[in-house]
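Have a look at the structure below before the remarks.
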Number of protein chains: 2
Amino acid sequence: MTLNQLRTLLAIADAELNISLAAARLNATQPALSRQLRQIEEELGFQVFVRHGKSLAQITRAGGEVLARARAVLGEVRNIEALAANHRRETRGTLRVATTQALGRFVLPAALGRLRARFGAVQLRLRPGGGEECLDLLERDEIDLALVSTEGERPAGDVALPLFRWNRALVALPGHPLAGGNAPLSLTQIAQYPLIAADTATQADFKMGRAFREAGIEPNIACTARDADTIKTFVRLDLGIGIVAEMALTPEDEDLVRLPAAHVFPGCITWAILRSDRIQRDYVFELLRELAPTLSREEIDRVIHGERGLDLTSRIAHWAA
Amino acid sequence: MTLNQLRTLLAIADAELNISLAAARLNATQPALSRQLRQIEEELGFQVFVRHGKSLAQITRAGGEVLARARAVLGEVRNIEALAANHRRETRGTLRVATTQALGRFVLPAALGRLRARFGAVQLRLRPGGGEECLDLLERDEIDLALVSTEGERPAGDVALPLFRWNRALVALPGHPLAGGNAPLSLTQIAQYPLIAADTATQADFKMGRAFREAGIEPNIACTARDADTIKTFVRLDLGIGIVAEMALTPEDEDLVRLPAAHVFPGCITWAILRSDRIQRDYVFELLRELAPTLSREEIDRVIHGERGLDLTSRIAHWAA
DNA sequence: ATCACTTACGAGCTGCGTAAGAATT
DNA sequence: AATTCTTACGCAGCTCGTAAGTGAT
């Protein structure tokens, strides 16, 4: 059994049993993979994939177990490689991050810019997605790090490091009826006008929506959008008041009026989720420190190295640009 | 990085940094291992072993981490091999058991004999040792299975399966003053005569010794021995009453008188200890079933596959030849 | 007819063991 | 002097890619 044979098995499984596709992904030829597959199946003594004629149809029961173990093997091999790269102060590498839109668009760029100073040659693979999607990618070991936000609660995942707190903000055109006053707005006042919110805001488990529901108020959601940029565009078209993460308001948005909303919507926390069974490259730690400057290296280490009970939510600060 | 390179690293580390010895154990030549070592160190970018002149002196800090991960990799590879061997109903294989003397001498042979019927070609590697030694060997992944006895309590180890209960028995020559009566013996009566016990009986944490101590009685331990055979020999020389595990009394010992001792000494339980991170060959399950006939395959499975809280001590029976 | 896997073949690389060399103890 | 690791060399085996073959849709 060789590592390449195991890599072949996983590549084929991950390419939906298409050997040619798997070969292309591994920068190899298709006959090479066919041979590797034949050899490992010979050694195992049974087929990993069920053949339908000349193509592969499905994974055998025993094959599935082998694949799971093969993932563990290659994961540990990657751990050794990460370990070694850290030790020799390697600055090259890949950083695979899955994150929600607001974080990827408004928070990560600055942090990654600072990261570039020390790790110039890191290839970033940024994958946008919803919170659950990001955690799924982590589960499938396709990313190193998931960045997700919650309305306070600890997200799933075996290593969850809180990074910073943030609130939602309302944005309106300067001419909007609510834009002038200085007094804090009530839910009732807000609900009198059309609102523009994120797609996720309509989900039942979202506490923001619950804030309205519990107050017995039916908000008037004029439209929803997938990203904060779109929301701001709609606000500029005078379609309503926008509800966005405060990080989404940049100096370029000075044409809009920002209305505080921390008192009506629940506070949010952004978390970094990692796998406890993977050794992280140093630049992952560096990125985490960029994102959570109030945490000490030691606190981050303790969480990442599996201290489950440790609650650092009281140690993190509010987000600052 | 190849599996052979990792195997080389571990072999050298396990051979106390003697490359020649490691090569012999791997059935390879010494230059081959030197080359493998040079190559992996080149790839890692740092030395795994500190050189003192031309020989290896110690393991570097980073090297130690690599070695630990390499063990994980090769352990998972062994898992795949076990998985495959089970699936193709392979009857050959190796069974590495560490066990205390009484179990290895009086209990295992019969069970292994029955095992031979289904798995004729299994190579047995039996390593005798004290209870702690056996657990250490398991910790170091040098055995598949440790068989140890306790005075009731669950031993250390992440998978501990209770197998059967047993009691100690007293053996005496037919002419001995205590050998005639039918009434159960008291500790006081026993302590009036020289005793022959196992080495372990003198250890402070042994409840058997505590039974005497708590009764305020100082037993007269005439001599101690490492194994039950020796104890019986001493009994035959009329040096005293022997205290042995009941399993150690065979039909061949009919020249000796057996005196029940269950009422004065604590009852014992024999456990199988396994690693939760290793896939076991089918014959390991088979051996466990031989040793614990009252447990169902499903109960054994549940304990082995990591159900930590499950307490099967109420499900096991008293030992029967 | 096209797509996908298999088989055949020749080239290049890798890894081994033998043998000789060098540095410690 | 003995031990142990390193270097050099030549051979064997492995794995690759190209190209042709085969079966299925």
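Every chain is numbered from 1 and lettered A, B, ... according to where its sequence line falls, protein lines coming before strand lines.
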If I take atom CG in residue B:L37 and atom P in nucleotide D:dC5, what distance separates them, rounded to the nearest angstrom? 10 Å
Between D:dT15 (C1') and B:N4 (CG): distance, integer Å: 16 Å
Salt bridge check: are B:R275 and B:D158 linked by an N-O gap of less than 4.0 Å? no
Between A:Q36 and D:dC16, is there a contact of a side-chain N or O with OP1 or OP2 at under 4.0 Å? yes
Does anything in residues 14-22 of chain B come within less than 4.0 Å of DNA chain C? Heavy atoms only, and list the residues if so. none
Return the residues of residues 38-56 of chain A meeting this criterion: a heavy atom under 4.0 Å from some atom of DNA chain C. Order them by number, or give none. A:K54, A:S55
Earlier contact from the 5' end, DNA chain D, for A:P31 and A:T2: A:T2
Tell me what A:Q30 touches on the nucleic acid: a base, only sugar-phosphate, or nothing, going by heavy atoms under 4.0 Å. base
B:R289 side chain to B:S296 backbone, donor-acceptor under 3.5 Å: no
How far does CD of A:E42 sit from CZ of A:R35, to the nearest 0.5 angstrom? 12.5 Å
Measure CG/B:L33 against C1'/D:dT7 and give the value in whole Å, please. 16 Å
Relative to each other, are the rings of A:Y283 and A:F119 parallel, tilted or perpendicular (30° and 60° limits)? perpendicular
Examine distances only and state if a side-chain atom of B:R105 and a backbone atom of B:L103 form a donor-acceptor pair shorter than 3.5 Å. no
Carboxylate-amine/guanidinium proximity below 4.0 Å for A:D136 and A:R140: no
No-hydrogen, no-angle side-chain donor-acceptor test under 3.5 Å, B:Q280 and B:R278: no
Is it true that B:R38 and B:Q36 share a donor-acceptor pair across their side chains at a distance under 3.5 Å? no
Check every atom of D:dA8, D:dA19, D:dG17 against the side chain of B:R35 and return the nucleotide holding the closest atom. D:dA8
